[in-house]
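Below, chain A is the first sequence line, B the second, and so on; all start at residue 1.
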Amino acid sequence: MIAVGVDAGSRAIKIVLMDSDTRSILATGLVKQGVNSDELTSHLLDCLLNECALNRDDIGYVVATGYARNRISIADTTITEITCHACGVHHVVPDARTVVEIGGQDSKFLHLDPTGAVHDFAMNDRCAAGTGRFLEVVSERLGVGLEDLGQMSARSSNPAVISSMCIVFAETEIIGLLSAGAAPEDIVAGVQNAIVTRVASMAGRSITPPVVFTGGVALVPGMSQALERLIGQSVTVAPNPQMTGALGAAILASKQA
Amino acid sequence: MSKCSGDKQVKAKNCDPCSPPSVDCCSSAVTTEQNDSPTLWFENMIDNCYDYAIDAKSNSRPIVGIMCEYAPRELIMAAGGVPVCLCGGSAKTIPAAEDYLPANLCPLIKSTFGYHITKTNPFLEMADLVVAETTCDGKKKMFELMAETKAVHLMELPQKQDDSEAFEHWVTEIHKLKAELETRFDVQITPEKIREASRIMNRERNLRRGLAGLMKADAPPLTGRQLLNFKSIISGIPTDLEKYEEAAEILRSHSRNGDMSSRVRVLLTGVPVVHGAERVVDIIEESGGLIVCMENCTGLKPILEDVDLNAADPIRALAKKYFHIHCAVMTRNTRRIDYLRALTAEYRAECVIDLVWQACVTYDIESYQVRRLAEQELHVPYLRIETDYSPSDSARIAVRVEALFETLRSSYRTGQPCRK
């Protein structure tokens with residue numbers, strides 16, 4: 001039988017197909033989030049099954065996670081992103097003790113015990129300031145692609161101070177900085193610092209190494225370096241960081257299948 | 001989140017248009033209901049109170065609004081008045097309040113004041129007097145604005161709970177309220193009248209403690225949300241007291257509800273969950289939790305202690321009972337920590353959830369001490385939820401609550417202590 005993990009996030013839907021017995025990953029897939037997450041999920045799942053010459057009868061168990069987890073009709077159960085990311089990261093980096101996850105609209109700080117179980121966690125509340133959405137707003141405003149942000153911030157010699165905790169106000173602040181002649185490089189570096197500062201403030205004072213950075217924002221160049229500078233510890237970017245939630249969901253599904 | 005509350009017709013139409021009393025059709029715990037059942041009676045609580053207040057008013061009894069558990073209800077009752085709680089639980093009245101009050105203020109204060117501005121709380125409209133306290137700065141300054149168009153008597157609440165001079169000041173404040181009530185309503189408040197009112201309130205508190213105590217069972221006969229419904233915004237209504245008693249009898253004879261024993265036992269502390277603002281309670285219980293103990297002003301906090309009926313001076317006895325309420329405005333508020341320690345053990349709570357209304361500075365800061373108690377001394381997981389009356393963060397709150405429960409369950413599964 002196969003186990004399926006679905007991570008229906010705010011910006012993308014991610015699916016991992018796993019062999020329940022061997023725990024080997026059979027396929028992974030990603031589609032941009034849209035209006036109907038359930039349909040998008042079903043379509044992506046069928047594509048992945050097709051790639052592997054499998055069909056729905058081969059599925060043993062489906063776990064859905066992510067903000068749209070309750071809308072996924074093929075799911076047998078739902079488990080929160082917190083538990084799924086912890087499980088997924090523990091699978092790929094077994095000695096991880098701290099997980100920083102930054103997604104489209106959420107950011108989380110997880111403290112794992114040596115067995116990989118969640119010991120403690122913190123998560124942003126209403127505000128999306130320390131999340132991927134913040135970076136998107138900035139890249140749109142500066143007219144640069146998300147993939148170019150890392151190169152830009154690397155060129156910064158004097159990162160701007162972005163004091164605002166709110167995306168909307170931060171955008172206003174960026175407009176102010178631009179009109180005052182600040183270099184776009186410095187603004188990008190300032191925004192990246194602001195995001196990691198915001199996320200790190202959730203962790204409190206103690207951050208147990210090794211630290212693993214995951215979620216879609218870990219793919220944005222420059223972010224892991226900004227995080228390293230801020231917390232003064234080396235940070236490992238999880239392999240395939242957008243997938244750790246779905247991977248954790250698949251592993252948890254394989255325990256049921 | 002009470003799925004069927006939209007169909008409910010509320011007699012007191014002006015009272016709370018956006019949050020009519022909930023009808024718990026989806027509950028599995030209390031099932032068999034006759035027309036006169038206590039559950040149905042308290043579902044109509046707002047209507048019952050409205051009828052009672054109208055009747056009292058027509059018999060020339062004054063209606064006295066209160067907005068805090070420090071208001072000594074017994075004194076109002078001894079003056080022949082009807083004490084009615086005016087705390088607002090609706091998000092709908094907040095925009096009107098924000099024309100006067102800052103946006104970054106506790107939603108309870110804004111909601112209450114919004115009802116005043118929009119004249120949509122019939123109890124506030126019919127109140128002959130509002131008894132206010134300097135409980136927190138937000139309330140204190142809001143009452144100044146309310147006093148421009150409403151009769152308000154302000155009591156100055158001292159905040160050093162273990163200081164004898166602070167207590168004497170509180171006694172003086174209670175004497176001043178007595179004088180105000182006597183003059184305004186042309187009555188004489190005798191010691192015997194205070195004792196009689198205290199007897200009624202002690203009985204009400206005792207009955208409510210009895211109901212709350214049912215949650216100590218392995219498989220309690222009701223949910224925390226259902227327990228929260230067993231309350232009244234007017235104290236001392238004779239039928240309420242009968243219904244509390246009846247409810248306890250019915251619920252005690254209920255068979256064990258297996259579903260309840262598999263839920264995560266939660267102690268909810270922090271700010272009050274007033275009528276209409278039960279969103280977080282619903283999220284916790286819809287995510288697999290069971291609130292076995294509510295240590296806040298709408299739960300056990302104001303009913304843990306009674307008034308000493310044998311005290312020589314009934315005013316001092318009243319002052320003592322009320323001054324002991326362990327609100328976060330008190331400093332140092334060690335009573336809260338002591339009660340949390342005792343209640344966590346008594347109700348066998350597996351985790352502590354601390355609810356803080358946005359901009360409630362005292363509870364916000366005190367959450368540090370509550371977290372420390374839970375994590376370092378009681379070794380139970382702690383989750384702090386800071387929110388207001390707007391539902392926009394419900395999904396995020398649910399994620400955190402569910403993750404808390406998943407963490408607890410996984411530590412059970414592997415047989416590890418949840419936190420050391």
Measuring only between side-chain heavy atoms, which start at C-beta, is A:M123 closer than 4.5 Å to B:V399? yes
Side-chain donor/acceptor of B:E402 to backbone N/O of A:I79, under 3.5 Å: no
Tell me whether A:R23 at atom CZ has more than 12 heavy atoms from other residues, nucleotides or ligands lying less than 6.0 Å away. yes
What residue, out of B:L383, B:T387, B:D388, B:I385, has the most heavy-atom pairs lying under 4.5 Å from chain A? B:D388
Please check if atom CZ in A:R141 has more than 12 non-hydrogen atoms from other residues, nucleotides or ligands closer than 6.0 Å. no
Nearest-0.5 Å distance, OG1 of residue B:T407 to CG of residue A:D120: 8.5 Å
Less than 4.5 Å apart, side chain to side chain, heavy atoms only: is that true for A:F121 and B:R400? yes
Whether over 12 other heavy atoms sit under 6.0 Å from A:Q233 CD: yes
Rounded distance (nearest 0.5 Å) linking atom SG of A:C87 with atom CD of B:E406: 11.0 Å
